[in-house]
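The next block holds one structure in the form of structure tokens; read it before the comments.
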2 protein chains.
Amino acid sequence: MTKFFDNIDSKNKYKLLRSFKADTHNFKENEDITNIVFERNVIALLVSGSVNLIRNNENGNDFVLDKIEENNIISDVIYTINKDDYYLITTEETEIVTMNYSDVINYRGKNKYYPILIRNMFDIINSKAKLFNERINIMARRGIRNKLLAFFEIQFKKNNSRNIYLPFTFTEMADYLGVDRSAMTREMKLLKDEGFIKTTGKRITLLYK
Amino acid sequence: MTKFFDNIDSKNKYKLLRSFKADTHNFKENEDITNIVFERNVIALLVSGSVNLIRNNENGNDFVLDKIEENNIISDVIYTINKDDYYLITTEETEIVTMNYSDVINYRGKNKYYPILIRNMFDIINSKAKLFNERINIMARRGIRNKLLAFFEIQFKKNNSRNIYLPFTFTEMADYLGVDRSAMTREMKLLKDEGFIKTTGKRITLLYK
DNA sequence: TCTGTAATGTTGCAACTGCAACAATACATA
DNA sequence: TATGTATTGTTGCAGTTGCAACATTACAGA
């Protein structure tokens, strides 16, 4: 997975940040940075420290959706975020740099690492776009069963194995598919009963075709 | 909307294409180019001519989802495509250039327009990612009503107007939301009856809040 | 203007889904 | 290992949704 400053040395990294008139924000542990990061048209970069992306269930059962580490981009483009449902909390002392998207994209300076930076960004966004794309294709199916099967199909093609190891919990998977968890469990049980799949913990084995 | 070769003159455009060992494909009118374009890891570029992205309804009611014009990217990243449901047909004599993604991204040549190219690509993908993101946020809502309201909300914020002019047909809108068209119509009627919205042709007026 | 095609409106119905609530496990960490 | 917390399993139920089928209206090309 490409990171923002891959192949750019530290000196030039800071030079570039200066050219973009990047704003540096420093936080202690446990600060909410949602509003700083999810400004419109802002690219935020986690320079040091670490941040949790948390889902805010109204019943108070929050949970960590993603741990974001150094050199990764956090921005409204990257995460499928609804400010009401999610928030971002630092888990240690953290430095975040925010840049204006237009400043970055319209940079006309001479730093020879700029192209590398843009290439890195392109690669990052591109992978995200592919993942988004994938998820849309799944969510667009009608009915939970079809969503599940579409999801399995993609995992199957990716790993070329009938054994799928879930990269997240079933709770998160229901969220990923955009369906109710209990309804999803019910449908999974039907698929099992009908002999389409078999599950062992977080491993799902496809028995069909 | 940024295009692939924005700010790159024709001479350098072809130089770059050569560096990428790009493959040129020529088609007559009415040829199916789905398989050439939606290869894995391929970026396809419409150099000249025009292509229709068509949705393939099993009942034989195909329809044009998008007309792709010169200098646009056509690739599996850009379009949320399921090969079974969609296909691409040239509508005139058309030249398409395919490049391997890795070749483009790992280019280490000296052409000074390369950075511009990558920047263009970044901008293109970035807008797409934003749109994908938006759609996911809508589709993730439970129930047709919530999807509709989420959609309206986004349009409202975008245009800062309570009047939403649908950029597509209701049939396509149902598809966009990932729900059954008739069920969507039914829900819209309820929203109307309850006084939340008003519709006039493709204009929807929000009456709430 | 006519005509065929696509889009929209509508409805019944069976099946599905979300929701709520609770039980049973699994998991992490003190 | 014990204990609290998160995840998973399960179920009833009402309301929602997808599907199929058909009527009506809008629209574009001859």
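In what follows, every heavy atom counts, from backbone to side chain, and hydrogens, waters and symmetry copies are set aside. Given the structure is predicted, the values throughout are model-derived calculations rather than measurements. Convention: sequence-line order gives letters A, B, ...; per-chain numbering from 1.
A:Thr171 has a side-chain polar atom (N or O) that falls below the 4.0 Å cut-off from OP1 or OP2 of D:dT8. Using a 4.0 Å cut-off, no side-chain N or O of A:Lys189 falls inside it from OP1 or OP2 of D:dT8. For the OP1/OP2 pair of C:dT8 and a distance below 4.0 Å, the side-chain nitrogens and oxygens of B:Thr169 include at least one atom meeting the criterion.
The nearest whole Å value for the distance from the CZ atom in A:Arg142 to the P atom in D:dT16 is 19 Å. Distance B:Ile204 CD1 to C:dT8 C1': 13 Å, rounded to the nearest Å. Atom CE in A:Met184 sits roughly 12 Å away from atom P in C:dT17 (whole-Å rounding). Atom CG in B:Asn146 sits about 11 Å away from atom P in D:dT16, given to the nearest Å. Put simply, CE on A:Met139 is 14 Å from P on D:dG18, counting in whole angstrom units. Nucleotide D:dG18 holds its P atom 15 Å from the CZ atom of A:Arg141, rounded to whole Å. For A:Asp193 and D:dT11, the CG to P distance is 11 Å, given to the nearest whole Å. In this structure, the CG atom of B:Leu148 is 13 Å from the C1' atom of D:dT16, given to the nearest Å.
Salt-bridge check for B:Arg181 with B:Glu172: failed, with every basic side-chain N at 4.0 Å or more from each acidic carboxylate O. A salt bridge links A:Asp175 with B:Arg142: at least one charged nitrogen is closer than 4.0 Å to a carboxylate oxygen.
A:Thr205 places a side-chain heavy atom less than 4.5 Å from the side chain of A:Arg203. The shortest distance between side-chain heavy atoms of A:Lys147 and A:Val179 falls below 4.5 Å.
Remark: aromatic rings of A:Phe152 and A:Phe196 are distant, center separation not under 6.0 Å.
The residue among B:Arg186 and A:Thr185 whose nearest nucleotide of DNA chain D lies closer to the 5′ end is A:Thr185. Each of A:Gly178 and B:Phe170 was assigned the nucleotide of DNA chain C with the nearest heavy atom; the assignment lying further toward the 5' end belongs to B:Phe170.
Below the 3.5 angstrom threshold, one finds a donor paired with an acceptor across the side chain of B:Arg181 and the base of C:dG9.
B:Lys202 comes within contact range of the sugar-phosphate backbone alone, with a heavy-atom separation under 4.0 Å but no base atom that close.
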